[in-house]
Amino acid sequence: MARCVQSVQEFIQDSFVPMVAVLCSEEAERVTRKNNLNFAELLRPFCRLTSEGHIRDPNNQVQTVKNLRICVNKLVASQNTTSAVLGPTQRQLLSEVVLSCQPQDGAVTNMITVGGYQLNFNATTPWFEAYRENFLQSMPASDHEFLNYFLACLLVVSSTEAVPVEQFLKLSQEQHRVQHSGEYTNPKWFIPNTLKYYVLLHDMSEGNEHRADTVYEDMKQRYGPQGCYLLKINSRTLSTGEDEQIPDPWSQYLHRNNLHNQVSSLLDTASSSGSLNNLSTVNSDVKRGARDTESLVGGAGSHGICLTLNDHDHIRQFIQEFTFRGLLPHIEKNIRQLNDQLVSRKGLSRSLFTATKKWFGGGKGPEKSINEPKSTCGLLYPPEAPELQIRKMADLCFLIQHYELAYSCYHTAKKDFLSDQAMLYAAGALEMAAVAAFLQGGAPRPYPAHYMDTAIQTYRDVCKNMVLAERCALLSAEILKSQGKYSEAASLLIKMTSEDSDLRSALLLEQAAHCFINMRNPMVRKFAFHMILAGHRFSKAGQRRHALRCYCQAMQVYKERGWSLAEDHINFTIGRQSFTLHQPENAVIAFREILANDSRQTATQQGAFLREYLYVYKNVTGGNEVSLPQLPLPCIHSSATRVYFGHERRLAEGEKQAATHVSLDQEYDQDLAAMWRHLEEQLVAAANRGLVPGNFQPTQSCLNSHTDNLRHPFAVVEEPIIVEVTFRNPLKVSLALSNLSLLWKFSVEGASLSEEMSEGLSGKALTNEDALARLRLLPHRTGQLNIVGVVYNLAGPLPGDMDFILFIGQQMMDMMVVHGKQDLRIQGPRLNQTKEDKMLIRHGPDRRLEPIITPPMPLMEVFFLQFPTALLCGEVRKAYVEFCNVSSVPLCGLRVASTHPDFFTFGSQATTPLTPVSPASSENCSAYKILATPHQLGSVTSEILVSPEDFNQPSGVIEIPIDGCTLQPGESTQLPLWLRGPDQEGVHEINFLFYYESTEKGIKISHRVLRHKVFICASRSLSVQASVCHSSIPPPNCGLDDKDCSGALVFIDVENINTSDAAVREFLIVQVSSSSQNWCLHNPPPFSISDCKLTSRERAKLCFRATRCKETDKNKIKNNSAFPHPLLLYVQIVSSSTPCGDFFFRCCQNSQRVNVVSSSCKSQGSLSTENTVSDITNIVKKCNELDLNIIVIWKAYVIEDNKQLILEGQLHVALQAIGKEASSLTPKQEATEMVLLKFKSELPPPAILPTVELSQLIKTNLQYPETYSHPFVQESLCVVPVTLTLSNCSLAHVDVIIDLRHKSVSPVFLEVHTSFTWVGQTQYKLQLKPQEMLSLTLQACFLKPGVYNLNTLRVFAKPADQDAMCETSQQIASPALIIINNA
């Protein structure tokens, strides 16, 4: 149970007090009415004694009476019979007492934390204490006990009476008539000889004080000094009392009386009109009267206005004199008389304290005649029965706090009643015996709880008297609570709940809930459950405020604990009760909780909740929507809100294909965002002389939860801002949203904020899936914009129909539509920079909804014409791009960057051929620059010198060549765009980023970008494999004395690998070009057209001679590249112009970047090893370095829509080293294998020399006659001269050793005669300069005819500045066979 203001002892003592009646004359009533009080009300605040009283028991032992309170009531006689249940008056009185006692704001509450629960509930329950007090005081007097019987009667006469003694006599006679005439059943009197105490009331403001004293002296002579009293009051006049503030102790006692009087009068009126059963009107009148009484009672100085503080002391002294000199002696005398009567009748000893075992053992009661009255509860004793005399004596002892004697009497009476089967009397004796045992001082007996249980059961089940059972339960529960037995107290209270009284059941269930929470181990869920039950019974009893309080306290336990159904029930009840109590705001909050949480209710129940909420909300607003309230539905994923700045891209216009740019339909990809940022950094660096500014921020046209939102984004005046809001419907019924708009605030420097709504969607239907709404804002001024929320109309489903039908533009009939908003609050990312950020949970700002509106900026749109979606690998095709300035501001600085810079080119102004003005006029034109030149045998290859700077963009950024470098507002321009298919087949994603600036400098947005993404499907075309080897034979027109003359053979293998595309009929190799600063490619022998045509899986092999450029030519082509064009057909394509040269240089630049990256990723060995091999590697590299690029230009004949199309393309092969094969196909990257971890050894690894490369430093060639005749008969020795030519293939000095003593042992030459020898000098040591050719004359001596292999010599070479460790045997050329004939 809740904590009470009184202790349990004080509560029980105040529940059973001596009753005193008051009977006043009319003049005395007039005197007291000056204070707005009757005499009984005048005495009531002073009825508790402040000093101790004493009394002697039958054993002449002095007993102390402490803190005694008496109850003084006006004598009202009635003929009503005693009932086992409370009447309507008492019920209504108790209901109003509970209703009028509500928890005050700021009242003391208990805060406890149990198992993760934090509960806040009322520490006290004053409504329960008020109910309990009024219930006990309003109990009717019963025949089986005497506790509510009057012990004395105060006869009050005013001193202004003509003959006060006569008035005393009349009042005495009236009291005697009421008690002894038998006409009245109520009130009941304790003993026949009731104490009469005579009070002379003197009004100090009117009467003669001397006369009052004289009358009082006469009274003392007549009634004795102990039986009368002179009370002087009204010492204060109204004129002098206005300035003095006198306390009003009567207010707290009079409210209940006023309620009681109003209820009684209204019920009497209702019963007289025959409508007692219909109490609705009575209830409302009583509640109205209660409020009026509160206002009346609460007024300062409304009671006791004629009394001074001395008068208060006089009244208090009067009560003390009456109690100590009149009441207590009277009770003491009656106890002695009862004790004497009982002893004489039973034949026992003079005192009950010396009773024998026979007395306490009890015995069979006296036999009763058959005609004695009986009831359903057992016997009804006559008033003079000795059993009732024992009970009367016990009650007297209990009232004066003599609990030990009272317990003995109750215990004795209990046995007698049980033996006589008088169950009502026995239950009363058991009840009071248990209470007396508990209140005994000293060494108290253990509280006999079983006495109380038996008494309650008897009252309830046998006697059918719930009033007495309830009183018994209230007493026992309070006693059990004081002993810490909360579980037993809760069980007792729960047992007392029944259907006959909702108010009683509600109060007892609430107290049981407090018992559960106050246990040593609090039972939180039981507390909440019984609070719910109490709230339900309060609601049935009409106590809506208490019902609401109980449900709110129980909600603390069920909230956010997974009890969703219980939560819904509680919130629904709270909402309804709040709405009934005219608390619409709380009702809306409760219903919003039902709808906002993920409910597991059925669709029908959810629909009912929604309609209830809409109805309450509609009544709350009442059409006054000045401040928009928050709506709970639908749920908004604030973090998923996306914001798009700028116009939505236009779709394709005819043949034009618009740039994709950024849209809300695209999903965010972090890798793509990093790629776009990298491209933008390249563009910004190119526009700022190669440096990226420190305040650079990448352009973010679409903001979401993954982007960087720490800074305010920029928006442009007159460019829309589109906000995408994600809605989620948590219910199983559809919702209807209409008139959606954004709520925003705008501020200009120096101006205040203003709140407006934007234009929005007209209607939206939401099922239980996520839905998106895109709302648009169009700023017209510069300043700061804050988007704060969404405003919309919400409607629920029709009753009985869960399917939603949306009528846009029409009023939705029979649907409750409400208007409200939801805020967009986005939580920023968690901070994790400092130590405090890591220790605490802090979040940074998210400013995606707080854009800064900037002045106008240029806005460009890009369209593509004749842009293909599929190309052959290496195919070159011309398209057109159109740039449009759709803003009112000119733009400049147009640039573009791409992830595939080798995919496209705008051409260079110096080398771009004349192109058609419009795309329509270029259908049958070639993309290449063509010269019609007939092919002649032995013609010299044409050669053009170009600079790479004419084609290359060092930074990878391409400046777009537009006229005047500025695009005016509303102006558009078209430029040709050449495309080349990727070298690798498959689908390729190619991204373009266009960059442009405003002509006005110093604005907040320095530049703008436009994105475009295309997918190109590349199909196989041709495969080109090329390799180069040294030529052993000097080139034509090159003498032996020419030191700089060296040559090489270029082998080109072309294969048609297009097997999947049936439309491609055949390929035609049109031209082979080369590009190099050191090598020149010569014309091949003439080929026929049939040799250059390749159908599927056919292959052609071409061979060209390449020679090094002469020194005079090198000076010409320094920093330039020579483009010789070996012709295969009779049409010459200028491969040094756009687009051939552009794509060639782009591919070379891209391959160089790849090589740099790959070389930087290689693992590096020890420093010592690198130093040892580095020089040799450089020499070898110079030895085999080639730097020759091959360009193969082709045509393809394609059948499409029964038309033959001619496609053009080019493939590139970069030959970087002699003897190393190169291909036009991009090699596939294989996954790197896991390498085991190796620890660094202490000794450096041995240097690994590139032996294969070192064996190719020197090329040898033998010149000799193929047939030689010699007369061996005449001369046995045949000497043949042989010329050995040595060629230094490297760019370094080489030491050469020639050893002629070697004999071949190769199995290939075993069948060839080897019986010859070299004569003369057989070993040479020479040094050759870079690329030098040297000839030696040797002599071979033969002994007989035959076929001989002259290539038996060995050649060793090493770089001149290296030691002998680098000396390597050179590769031997093919066999040199000579035939020796006998002449």
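Quick caveat, the model's predicted, so the values are computed rather than measured. Along the sequence shown, residues are numbered consecutively beginning with 1. Values reported hereafter were calculated over all heavy atoms of this structure, with side chains retained and with hydrogens, waters and symmetry mates removed.
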Qualifying side chain to side chain donor-acceptor pair (under 3.5 Å) pairs, either residue in residues 636-646, two or more places apart: Arg642-Glu724
Face-on cation placement of Arg561 at Tyr117 ring, 6.0 Å and 45° thresholds: yes
Those residues that, when tested against [X], pass side chain to side chain donor-acceptor pair (under 3.5 Å) (two or more places apart):
X	answer
Thr573	none
Ser95	Gln543
Gln822	Tyr792
Ser505	Arg537

Answer yes if the ring centres of [X] and [Y] are under 6.0 angstrom apart, and no otherwise.
X	Y	result
Phe121	Phe527	yes
Phe714	Phe645	no
Phe572	Phe591	yes

Polar contact flag, side-chain donor to acceptor under 3.5 angstrom, Asp708-Gln700: no
Polar side chain donor-acceptor pair, His647 to Glu719, under 3.5 angstrom: no
Salt bridge (Lys or Arg N to Asp or Glu O under 4.0 Å) partners for Arg600, two or more places apart: none
